[in-house]
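The chains referred to below are lettered A, B, ... by the order of the sequence lines, with proteins before strands, and numbering in each begins at 1. Just so it is clear, the values below take in all heavy atoms, side chains as well, and ignore hydrogens, waters and symmetry mates.
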Amino acid sequence: MPADIALQRVTAEKSRHGAAGDFVFRHLTFLFALLVLLILGGVIVTLIDGAIPALRTFGVAFLFTDIWNPVTQKFGALAPMYGTLVTSAIAMVVGIPVAFGVAMFITEICPIWLKRPLATMIELLAAIPSIIYGIWGLFVFAPFVQQYIEPAIIDSLGQVPGIGALFAGPPLGIGVLTAGFILAIMVLPFISSIMRDVFETVPAMLKESAYGLGATRTEVVLRVVLPYTRIGVVGGIMLGLGRALGETMAVTFVIGNAHRISASILQPGTTISASLANEFTEAVGDLYLSSLVALGLILFVITFVVLAIAKLMLLRLQKRAGG
Amino acid sequence: MDTYARRRIVNGLVMTLCVAATGFGLLWLVLVLWTLLWNGVAAVTPALFAQMTPPPGSAGGLLNAIFGSVVMTLIGTVIGTPTGILAGTFLAEYSRGSKFGEVVRFINDILLSAPSIIVGLFVYELMVVRMGHFSAWAGAVALAIIVIPVVVRTTEDMLNLVPNTLREAAAALGSPKWKVIVMVSYRAAIQGMVTGVMLAVARIAGETAPLLFTALNNQFWSTNLNAPMANLPVVIFQFAMSPYADWQVLAWGGALLITITVLFLNIGARALASWSTFKQ
């Protein structure tokens, strides 16, 4: 029948069109997926390429010297590396317990109608751009710290023999402690939202069994929820750490940008990202510029490792949850 | 008896600490927003939107910076969105179970949290060094690189939520796969994908670090994409760190503008997302 033949021809043409379209679309999307890898590859190659002059001049010693002198063209990464690690450590010490408390409150304690608004408000802390934290830290928080918190710390902890050196010096407001504290506020929403997500994956039956045996909420969280979600919780913490290590603007405003290592966390210091933000556009000379790129390379390697570990841990939990 | 009492006290203590922690978190949100309003409102005058960034000591506004931010954010979004959507489509529709897909997904998640200042360095070496000068184009490309992972991630997540029965139904009608994706999957996932783009725009609207080494700054009105261009975040950085009171007031005004924009985008995106799940 002619109608049949017509139909056949139409479907044949359609499938031919479809095949060509499929080929094009599939490969198009593939190319863009490849682009994601190329971006990462490009970052690695350009950073290494830019860092070579500095690494060639200073060698491995670049990692272990704390001299940063643009006049004599001597550079070492120790001071900014130290600052990066110490500010992130402070952020973790302050941020993890608070994030845990928030996650526990939202998943286990608060009434259902309050869950969403509360979770949203905490997550909005992550939405505020880091430069806002910076300007707020500089004009509002640092003076407050200088006037009230640091004198109290110096008078109490600063007098304790041994650890007193950690809290010595004049109260400047601006310094490592203030930067670490602001970082803690910034990573809080990241850590708590992941904790919240993994807490939700605990089967209700497990928790109900514990409650049935007469466990208190605290016991349920600490002995059932936390062991069940351990990997995810650590993954979330690592993710927060990755953020803290690379955070730039907020730190740049309040850390004081001094290329030196002080025993006291009340004193100014610098981090890798703050050094880059402050000095990069004003750096004169190839070696200076290259040293800054080398700093960037170090930061990239550290954050890459931390974030990769975080991701692997969260993947493991996900696989288990998926069956 | 003693154990019971102790357990109850411990529980009460931990509960209180949890409430305190939540209050502590919310306190910072309120404090930051409050001081922003307090200091920023005074700076929001018609001049803020009508005049250029001034030299220290004279009056002015942020017009060139606002314009630059809008332009670079727009270009960054226009470059980053299609790229991210196509890559996300590959992950969700073509790479289920493949090794390559897993690697891309992994790398994408790392790029999502990678320090944005590293992106700035990358684009500096890639474009600024080669072109020999800072430019708005370089700034826009740096922002696009930050948009891409966000959009890839949300596109993939949203496409994964589309029920397979929809795809199968479309395929059973004889439509080729690309048509199934474009006309069925995309349509089913469109709200989620728009949410992702809004979140990405919110993210780059306040990004400072990648612009420092790429777009730099410009004190004057400039529409030349091949030259340094003013932008709100870098102007805020420069003005806030300066000792001049006029500049600091303008920095607060700019900070308020950015925060309002970012919060609106975020809340809008969330509203859109919850509305779409409600419909399902």
Side-chain angles (χ1 to χ4, degrees), chain A residues 11 14 18-19 21-22 25-26 28-30 32-33 35-37 39-40 42-43 46-47 50 98 101-102 104-105 109 118 120-122 124-125 127-132 135-136 138 140 185 188 216-218 239 242-243 246 248-249 273 276-277 280-281 293 296 299-300 303-304 307-308 311, chain B residues 7 10-11 14-15 17-19 21-22 24-26 28-29 32 35-36 83 86-87 89-91 94 104 106-111 113-118 121-122 125-126 145 148 152 174 176-179 202 206-209 212-213 216 233 236-237 240 251 255 258-259 262-263 266 270:
Chain A
T11 42
K14 275 220 153 161
D22 263 345
F25 195 67
R26 193 194 152 88
L28 190 69
T29 58
F30 172 78
F32 281 95
L35 188 68
V36 173
L37 296 189
I39 290 174
L40 184 86
V43 169
T46 49
L47 285 184
V98 177
V102 172
M104 185 170 160
F105 181 79
I109 305 173
L118 211 54
T120 308
M121 282 174 79
I122 293 288
L124 283 184
L125 273 177
I128 296 176
S130 85
I131 187 153
I132 305 300
I135 186 172
W136 180 80
L138 179 68
V140 183
I185 302 169
L188 161 68
T216 61
R217 274 184 181 150
T218 308
L239 197 70
R243 291 268 174 176
T248 308
M249 297 319 292
S273 48
L276 284 170
F280 197 78
T281 44
V293 177
L299 176 67
F300 180 75
T303 47
F304 187 92
L307 291 171
K311 187 68 200 140
Chain B
R7 286 172 58 204
V10 167
N11 187 49
V14 172
M15 296 291 114
L17 284 177
C18 285
V19 177
T22 312
F24 181 78
L26 293 179
W28 295 108
L29 183 69
V32 170
T35 41
L36 260 181
T83 310
L86 286 170
T89 306
F90 179 81
L91 291 182
Y94 288 113
V104 172
F106 189 81
I107 296 302
N108 187 68
D109 277 355
I110 286 184
L111 286 178
S113 305
S116 57
I117 195 155
I118 298 290
L121 272 184
F122 170 51
E125 299 275 350
L126 189 73
I145 291 178
I148 291 170
V152 170
K177 185 156 181 176
W178 70 272
K179 261 193 171 166
E207 273 292 356
T208 316
L212 280 174
F213 317 150
L216 199 64
I236 294 174
F237 180 46
I258 286 187
T259 312
V262 167
L263 289 186
N266 252 282
R270 277 160 208 276

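Heavy atoms closer than 4.5 Å to chain A are found nowhere in B:Ala202, neither backbone nor side chain. Using a 4.5 Å cut-off between heavy atoms, A:Ser273 touches chain B through backbone and side chain atoms alike. In this structure, the portions of A:Ile39 lying under 4.5 Å from any heavy atom of chain B include both its backbone and its side chain. For A:Met249, the part lying under 4.5 angstrom from a heavy atom of chain B is the side chain only. Within the 4.5 angstrom heavy-atom criterion, atoms from both the backbone and the side chain of B:Tyr94 approach chain A. Proximity to chain A (any heavy atom under 4.5 Å) is restricted, for B:Val262, to the side chain, taken from C-beta onward. With a threshold of 4.5 angstrom between heavy atoms, A:Leu124 approaches chain B through its backbone and through its side chain. For chain B, the nearby part of A:Val140 is the side chain; its heavy atoms alone come within less than 4.5 Å. At a 4.5 Å heavy-atom cutoff, the contact between A:Leu47 and chain B is made by side-chain atoms alone. With a 4.5 angstrom heavy-atom cutoff, A:Leu276 touches chain B via backbone and side-chain atoms both. Proximity to chain A involves both the backbone and the side chain of B:Asn11, based on heavy atoms less than 4.5 angstrom apart.
Annotation for A:Phe25 and B:Leu86: closest pair CE1-CD2, 4.2 Å, computed over non-hydrogen atoms. Taking every heavy atom of both residues into account, A:Val36 and B:Ala87 meet most closely at CG2-CB, 4.2 Å. A pairwise comparison of heavy atoms in A:Leu125 and B:Gly25 identifies CD1-O, 3.6 Å as the closest pair. A:Leu307 and B:Ala114 make their closest contact through CD1-N, 4.0 Å (heavy atoms, listed as atom of the first residue, atom of the second, distance).
Most heavy-atom pairs under 4.5 Å with chain A: of the set B:Pro233, B:Ala240, B:Ser116, this distinction falls to B:Ala240. Across B:Val19, B:Thr35, B:Thr259, the residue that shares the most heavy-atom pairs under 4.5 angstrom with chain A is B:Thr35. Among B:Val152, B:Leu263, B:Ile118, B:Ile258, the residue with the largest count of heavy-atom pairs under 4.5 Å with chain A is B:Ile118. Chain B forms more heavy-atom pairs under 4.5 Å with one residue of A:Ser130, A:Gly242, A:Gly50, A:Ala277 than with any other, namely A:Ala277. Listed options A:Ile135, A:Thr281, A:Leu40, A:Thr303 were ranked by heavy-atom pairs under 4.5 angstrom with chain B; first place goes to A:Ile135. Between chain A and the residues B:Thr89, B:Leu26, B:Val10, B:Leu216, the largest count of heavy-atom pairs under 4.5 Å involves B:Leu26. Ranked by non-hydrogen atom pairs under 4.5 Å with chain A, the options B:Ala21, B:Gly206, B:Ala255 are led by B:Ala21.
Taking the side chain as every heavy atom from C-beta outward, A:Leu37 and B:Val104 approach each other to under 4.5 Å. Taking the side chain as every heavy atom from C-beta outward, A:Phe280 and B:Leu212 never approach each other to under 4.5 Å. At a threshold of 4.5 Å between non-hydrogen side-chain atoms, the residues A:Leu239 and B:Ser113 count as touching. Within the 4.5 Å cutoff, side-chain heavy atoms of B:Thr83 are placed close to those of A:Leu35. Under the 4.5 Å side-chain criterion, counting only non-hydrogen atoms from C-beta, B:Ile117 is in contact with A:Leu299.
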Candidate pair A:Ile122 and B:Leu29, rule side chain to side chain contact (heavy atoms under 4.5 Å, CB included), full reasoning: CA-CA 8 Å; A:Ile122 293 288; B:Leu29 183 69; over 6 Å; no
Pair A:Phe300-B:Leu121, side chain to side chain contact (heavy atoms under 4.5 Å, CB included): steps then yes or no: CA-CA 11 Å; A:Phe300 180 75; B:Leu121 272 184; over 6 Å; no
A:Ile132/B:Leu36 under side chain to side chain contact (heavy atoms under 4.5 Å, CB included): CA gap, chis, key distance, verdict: CA-CA 8 Å; A:Ile132 305 300; B:Leu36 260 181; 3.6 Å; yes
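To the nearest 0.5 Å, atoms CG (B:Leu91) and OG1 (A:Thr29) are separated by 9.0 Å. Here A:Lys311 contributes atom NZ and B:Asn108 contributes atom CG; the two are 9.5 Å apart, rounded to the nearest 0.5 Å. Here the CG-CE distance, from B:Leu17 to A:Met104, works out to 9.5 Å after rounding to the nearest 0.5 Å.
Looking only at distances, no side-chain donor or acceptor of A:Asp22 sits under 3.5 Å from a matching main-chain atom of B:Pro176.
The aromatic rings of B:Trp28 and A:Trp136 sit perpendicular, their planes meeting at an angle over 60°, well past the 30° parallel limit. A:Phe30 and B:Phe90 have perpendicular rings, their planes meeting at more than 60° on a 0 to 90° scale where under 30° would count as parallel.
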